[in-house]
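Remarks on the structure that follows.
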Amino acid sequence: MVKIGNVVLDNGMPKICVPIVGRSVEELVQECRYLQDKIYDVVELRIDFLKDVTSLDAIGEALTAVRTELPNGAILFTFRTKEGGETAVPESYYFELIQYAIKSGKVDAVDVEYYRNRDSIAQTLAVAKEQGVTVVMSNHDFAKTPSFEEITERLIGMKKLGADVAKLACMPNSAKDVLTLLSATEAVKSQYPDEPIITMSMGKLGAISRISGEIFGSALTFGSAKKASAPGQLEVTTLQQILRALH
């Protein structure tokens, strides 16, 4: 049973994750407070939006502020770089800041990009396991949708590396691309029925993939609050209402 905090990523209706993308501690606090009357399961702290992200002290301040605002919240810590992120940093610092977040005791899960140095990934996975932090391993393609074989290979590859959760997001250029993503999701889920995966087809074309997790096997979906972190995210209240109606 894989959890992010107290949230179990199991089969059934997908859990809802809301990204917060503040550029300062003050903005992050405002975003956390904005969520007070929203229904969601997990908050994704997109730390790459923080303007002082190259300072571990600044990251520590942000982590403390978010955890103070969400004392019982399930927090996923993410630094998105070349795969649709806001800031570029050296590979060594990328892993330094993720391990810093893991050891802070203030996050429940971290995102680790799949196409990274394998030794650094292994070391980070070991630190996360030691600290009881869940690892979501991810891959994003903002230009196109990989083939069925590529999608399944990447998701299974993440599991073989030791990820708790495999995640893949891609951009469709046709309705057929959305079907490819959904079909690959179902294929991997059928091989790993008791292990959570997260997939989504982005943009307006792919919106259906954000609400169909229960059918095809994606355990978590992303809904926007103040600002979306990726194309095609539905507003969190609307997303929750749609999922409830379908369920």
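Side chains included, hydrogens not; waters and symmetry mates left out as well; all remaining heavy atoms used. Along the sequence shown, residues are numbered consecutively beginning with 1.
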(request) Looking only at non-hydrogen atoms, find the nearest pair between G223 and I16 and report the distance. (result) N-CG2, 4.5 Å
(message) As a test of understanding, state which of E44, R46, E113 forms a side chain to side chain donor-acceptor pair (under 3.5 Å) with T78.
(response) E44
(request) Would you mind reporting whether K38 and Q240 have side-chain heavy atoms less than 4.5 Å apart? (result) no
(message) Give me the atom names and distance for the closest heavy-atom approach of D164 to V133.
(response) OD2-O, 4.2 Å
(message) Ignoring hydrogens, what is the shortest heavy-atom contact between S218 and T185? Give both atom names and the distance.
(response) N-CG2, 4.1 Å
What donor-acceptor contacts under 3.5 angstrom involve side-chain atoms of residues 49-66, with partners at least two apart or in another chain?
residue	atom	partner	partner atom	Å
S55	OG	D57	N	3.3
S55	OG	A58	N	3.1
T64	OG1	G60	O	3.0

(request) Have a look at T145 and tell me which of L205, I151, V178 forms a side chain to side chain contact (heavy atoms under 4.5 Å, CB included) with it. (result) I151
(request) Kindly say whether L70 contributes a backbone atom to a donor-acceptor pair with the side chain of R67 at under 3.5 angstrom? (result) yes
(message) Are more than 12 heavy atoms, taken from residues, nucleotides or ligands other than E91, located less than 6.0 Å from that residue's CD atom?
(response) yes
(message) Using a strict threshold of under 4.0 Å (side-chain N to carboxylate O), is an ion pair present between R23 and D48?
(response) no
(message) Under the side chain to side chain donor-acceptor pair (under 3.5 Å) test against T124, which residue among E96, Q99, K129, R116 passes?
(response) Q99
(request) Taking all non-hydrogen atoms of both residues into account, name the closest pair between F77 and I98 and its distance. (result) CE2-CA, 4.3 Å
(request) Considering non-hydrogen atoms only, spot the tightest contact between D10 and K15 and give its length. (result) OD1-NZ, 2.9 Å
